[in-house]
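Computed from a predicted structure; not experimentally measured.
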Amino acid sequence: MSKKSTTKLDLVSLVKGYKDSFPFYQVLAPSGEIVHSDLEPKLSDEELTTLMKRLVWARTYDKRVTLLNRQGALGNYAPGGGQEASQIATQYALGEKDFFAGTYRDLAPLILHGLPLEKAFLWYKGHMKGNEYPEDLQAYAPQVIVGGHITHAMGVAFGMKKRNKKSIVLSLSGDGATSQGDFYEGINFAGAYQVPYVAVVQNNGYGISVPVEQQTAAETLAQKAVAAGIPGIRVDGMDPLAMYAAVSTAREHALAGKGPVVIEALTYRFGPHTMSDDPTRYRLAKELGEWEQKDPLVRMRTYLNNKGLWTEEREKEVEESCKQEIKDAVAAIGQADKQKVSDFLKNMYEVSPQNIQEQIAEYEAREMKEDE
């Protein structure tokens with residue numbers, strides 16, 4: 001015979017009340033109007049224009065790389081169209097010495113953080129030169145393993161604290177990463193040691209084809225920060241000004257030695273998960289249409305037009321400049337050295353053991369004959 005509790009604890013109500021503790025922050029409405037002036041970031045006209053240029057560059061980049069993938073010029077691509085606010089405005093809030101850790105969908109902000117475009121394209125093609133970064137570039141190569149970079153990013157932030165560096169680490173991840181153990185381990189350690197780390201979760205509604213509500217019972221992803229004892233906030237991830245303001249505030253918090261912050265950016269990818277994915281199998285056209293009405297470029301364009309800071313001509317200039325950069329990068333990667341098995345083997349160890357040395361010698365002999 002099972003025992004029944006005689007207490008009057010309302011456990012169901014506890015869970016239902018969680019979401020109320022995580023309000024939704026927005027600065028710029030889809031109409032392009034400021035709705036919360038108290039949250040509006042103090043950006044100059046020049047800074048606002050620069051941010052818009054970066055947003056347009058990223059959208060153009062996304063379209064061109066999608067086309068290159070369809071032509072077979074580059075490997076599989078994870079489109080970022082629609083997520084420019086959560087990617088580009090987020091990176092724009094960083095300092096030059098801040099460290100960036102992103103995913104396979106976050107090449108555009110990584111490039112704007114300093115990665116040469118040619119290196120990005122080599123990475124798409126699976127060329128090892130695509131992972132050889134300039135020494136002064138504060139960034140990791142894009143992480144393909146979901147959530148795998150969270151503990152790495154936290155580790156860099158821990159090192160920064162130990163060295164008393166005045167910089168932070170920012171990671172971008174998808175909603176699916178919050179269902180991985182790496183996410184919890186990373187933010188828990190970061191909270192325990194109060195490291196300068198900001199984790200931005202781009203909640204685009206799907207972990208590939210799995211809706212967020214099937215990934216977790218949590219009504220918000222921001223609330224997962226509570227378990228680590230650190231702040232968690234929800235932001236309009238389609239609003240460039242809100243994302244910039246949120247990341248800037250979180251950065252100041254981390255630099256002040258107050259520890260990490262988790263930011264849930266509610267956003268949407270207009271395209272497929274990757275170019276090998278068919279989103280029509282799990283998403284309705286109506287849903288896509290509703291999110292397209294929240295397009296970050298449209299609201300930012302309207303906002304700047306009303307301030308007399310943006311024109312169609314300026315946008316065309318950015319688009320054409322981006323297209324030329326991509327054209328030059330594609331030409332450059334065509335000159336990259338052909339990869340050799342012997343080089344892969346040489347990269348396995350700093351000091352190769354005997355069996356690997358033998359394999360290197362064997363393949364070098366084969367490759368020499370092929371070159372004759």
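- Under a 4.0 Å N-O distance rule, the pair Glu364/Lys340 does not qualify as a salt bridge.
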Problem - Stepwise side chain to side chain contact (heavy atoms under 4.5 Å, CB included) check, Leu48 with Leu304 - result: CA-CA 8 Å; Leu48 287 169; Leu304 293 184; 3.9 Å; yes

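- Remark: Arg366 CZ is packed, more than 12 non-hydrogen atoms of other residues, nucleotides or ligands lying under 6.0 Å away.
- Between the His127 side chain and the Lys338 main chain, no donor and acceptor come within less than 3.5 Å of each other.
- Partner of Glu84 under the salt bridge (charged side-chain N to carboxylate O under 4.0 Å, His left out) criterion, out of Arg105, Lys63, Arg59: Arg59 alone.
- Residues Phe121 and Ile326 form a side-chain contact, since some pair of their non-hydrogen atoms from C-beta on lies under 4.5 Å apart.
- Other residues, nucleotides and ligands place more than 12 heavy atoms under 6.0 Å from the CD atom of Glu213.
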Exercise for the section: Run the numbers on Met348 and Leu345 for side chain to side chain contact (heavy atoms under 4.5 Å, CB included), then give the verdict. Expected result: CA-CA 5 Å; Met348 289 180 67; Leu345 292 167; 3.8 Å; yes

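- Distance check: Glu319 CD to Gln324 CD gives 14.5 Å after rounding to the nearest 0.5 Å.
- In terms of hydrophobic clustering, with Ile, Leu, Val, Met, Phe, Trp and Tyr side chains grouped at heavy-atom distances under 4.5 Å, Val200 and Val195 are assigned to different clusters.
- Classification of Lys316 and Glu313 as a salt-bridged pair fails, no side-chain N sitting under 4.0 Å from a carboxylate O.
- Panel note: side chain Asp62, backbone Pro79; no donor-acceptor pair is recorded below 3.5 Å.
- When all heavy atoms of Gln87 and Gly80 are compared, the closest pair comes out as OE1-O, 3.9 Å.
- The shortest heavy-atom contact between Ala153 and Ala101 is CB-CB, 4.1 Å.
- Of the possible donor and acceptor atoms, none in the side chain of Lys97 sits under 3.5 Å from a partner among the backbone N and O of Lys166.
- With contacts defined as side-chain heavy-atom distances shorter than 4.5 Å, the pair Trp310/Arg301 qualifies.
- A 4.5 Å side-chain heavy-atom check between Lys129 and Glu132 finds at least one atom pair inside the cut-off.
- The only option from Leu221, Ile187, Val262 that meets the side-chain contact (heavy atoms from CB on, under 4.5 Å) definition with Thr178 turns out to be Leu221.
- Side-chain N or O atoms of Gln357 include none that pairs as donor or acceptor with a backbone N or O of Val351 at under 3.5 Å.
- Taken to the nearest 0.5 Å, the CG atom of Leu266 stands 9.5 Å off from the CE atom of Met243.
- Under the 4.5 Å side-chain heavy-atom criterion for grouping Ile, Leu, Val, Met, Phe, Trp and Tyr, Phe99 is not connected to Ile88 through any hydrophobic cluster.
- Atom CD in Gln223 sits 7.5 Å away from atom OG1 in Thr216 (nearest 0.5 Å).
- Annotation: side chain of Leu288 is in contact with side chain of Glu292 (closest heavy-atom distance under 4.5 Å).
- Checked by atom type and distance alone, the side chain of His253 pairs as donor or acceptor with a backbone atom of Lys258 at under 3.5 Å.
- Looking only at atom types and distance, the side chain of Tyr197 has a donor-acceptor partner in the side chain of Ser171 under 3.5 Å away.
- Side-chain contact between Gln202 and Ser173 is absent, with no heavy-atom pair separated by less than 4.5 Å.
- Atoms CZ and CG, from Arg64 and Asn69 in turn, are 13.5 Å apart once rounded to the nearest 0.5 Å.
- A donor-acceptor pair is defined here as one N or O able to donate and one able to accept, closer than 3.5 Å; no such pair exists between the side chain of His273 and the backbone of Ser209.
- Glu264 places no side-chain N or O within 3.5 Å of a backbone atom of Arg234 that could act as its donor or acceptor partner.
- If you check the side chains of Asp106 and Thr103, you find a donor sitting under 3.5 Å from an acceptor.
- Side-chain atoms of Tyr282 and Asp277 form a donor-acceptor pair, as typed in the model, at a separation below 3.5 Å.
- Classified by interplanar angle (parallel below 30°, tilted 30° to 60°, perpendicular above 60°), the ring pair Trp57/Tyr61 is parallel.
- Here the closest non-hydrogen pair linking Lys125 and Leu74 is CG-CD2, 3.8 Å.
- In plain terms, the two heavy atoms of Pro240 and Ala89 that are nearest each other are O-CB, 3.3 Å.
- Looking at Tyr25, its side chain never comes within 3.5 Å of a backbone N or O of Leu39 through a donor-acceptor pair.
- Met275 and Val65 fall within the same hydrophobic cluster, where Ile, Leu, Val, Met, Phe, Trp and Tyr residues are linked whenever their side-chain heavy atoms come under 4.5 Å apart, directly or through other members.
- With hydrogens and angles left out, the side-chain atoms of Gln83 and Asn204 include a donor and acceptor closer than 3.5 Å.
- The pair Asp236-Arg299 meets the salt-bridge criterion, with a side-chain N (NZ, NE, NH1 or NH2) lying under 4.0 Å from an Asp/Glu carboxylate O.
- Rounding to the nearest 0.5 Å places CD1 of Ile34 at 4.0 Å from CD of Glu40.
- At a threshold of 4.5 Å between side-chain heavy atoms, the hydrophobic network of Ile, Leu, Val, Met, Phe, Trp and Tyr places Leu122 and Tyr140 in two separate groups.
- Between the side chains of Gln215 and Asp175, at least one donor N or O sits under 3.5 Å from an acceptor N or O.
- Ring geometry for Tyr268 against Tyr206 counts as perpendicular: the plane angle is over 60°, on a 0 to 90° scale with 30° as the lower cut.
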Considering only distance and modelled atom types, tabulate donor-acceptor pairs under 3.5 Å from the side chains of residues 15-23, sequence neighbours left out.
none

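- Note on Ile263 and Met238: separate hydrophobic clusters, where clusters join Ile, Leu, Val, Met, Phe, Trp and Tyr whose side-chain heavy atoms are under 4.5 Å apart, directly or indirectly.
- With hydrogens and angles left out, the side-chain atoms of Asp239 and Gln26 include no donor and acceptor closer than 3.5 Å.
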Practice task
Could you give me the CA-CA distance, side-chain angles and deciding distance for Tyr244 and Thr249, then say whether side chain to side chain contact (heavy atoms under 4.5 Å, CB included) is met?
Solution key: CA-CA 9 Å; Tyr244 181 89; Thr249 301; over 6 Å; no

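- Using a distance-only test at 3.5 Å, with no hydrogens or angles considered, no donor-acceptor pair links the side chain of Glu33 to the main chain of Tyr303.
- Judged purely by distance below 3.5 Å, without hydrogens or angles, the side chains of Asn76 and Tyr104 never pair a donor atom with an acceptor atom.
- Side chain of Gln180 to backbone of Asp182: no donor-acceptor contact under 3.5 angstrom is found.
- Taking 4.5 Å as the limit, every side-chain heavy atom of Val235 sits out of range of all side-chain heavy atoms of Phe24.
- Summarising the local packing, OH of Tyr193 is surrounded by 12 or fewer heavy atoms from other residues, nucleotides or ligands at distances under 6.0 Å.
- Residues Phe183 and Val201 have side chains in contact (heavy-atom distance under 4.5 Å, counting atoms from C-beta outward).
- Atom CD of Gln71 is surrounded by more than 12 heavy atoms from other residues, nucleotides or ligands within 6.0 Å.
- Between the OG1 atom in Thr220 and the CD1 atom in Ile233 there is a gap of 11.5 Å [rounded to 0.5 Å].
- Salt bridge annotation for Lys323-Glu320: present, with a cationic side-chain nitrogen under 4.0 angstrom from a carboxylate oxygen.
- Around atom CD1 of Ile356, more than 12 heavy atoms belonging to other residues, nucleotides or ligands sit under 6.0 Å away.
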Exercise for the section: Could you check Ile230 against Asn188 for side chain to side chain contact (heavy atoms under 4.5 Å, CB included), going step by step and ending with a plain yes or no? Expected result: CA-CA 9 Å; Ile230 63 178; Asn188 183 70; over 6 Å; no

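- Proximity of Val12 to Leu14: side-chain heavy atoms (C-beta onward) are nowhere separated by under 4.5 Å.
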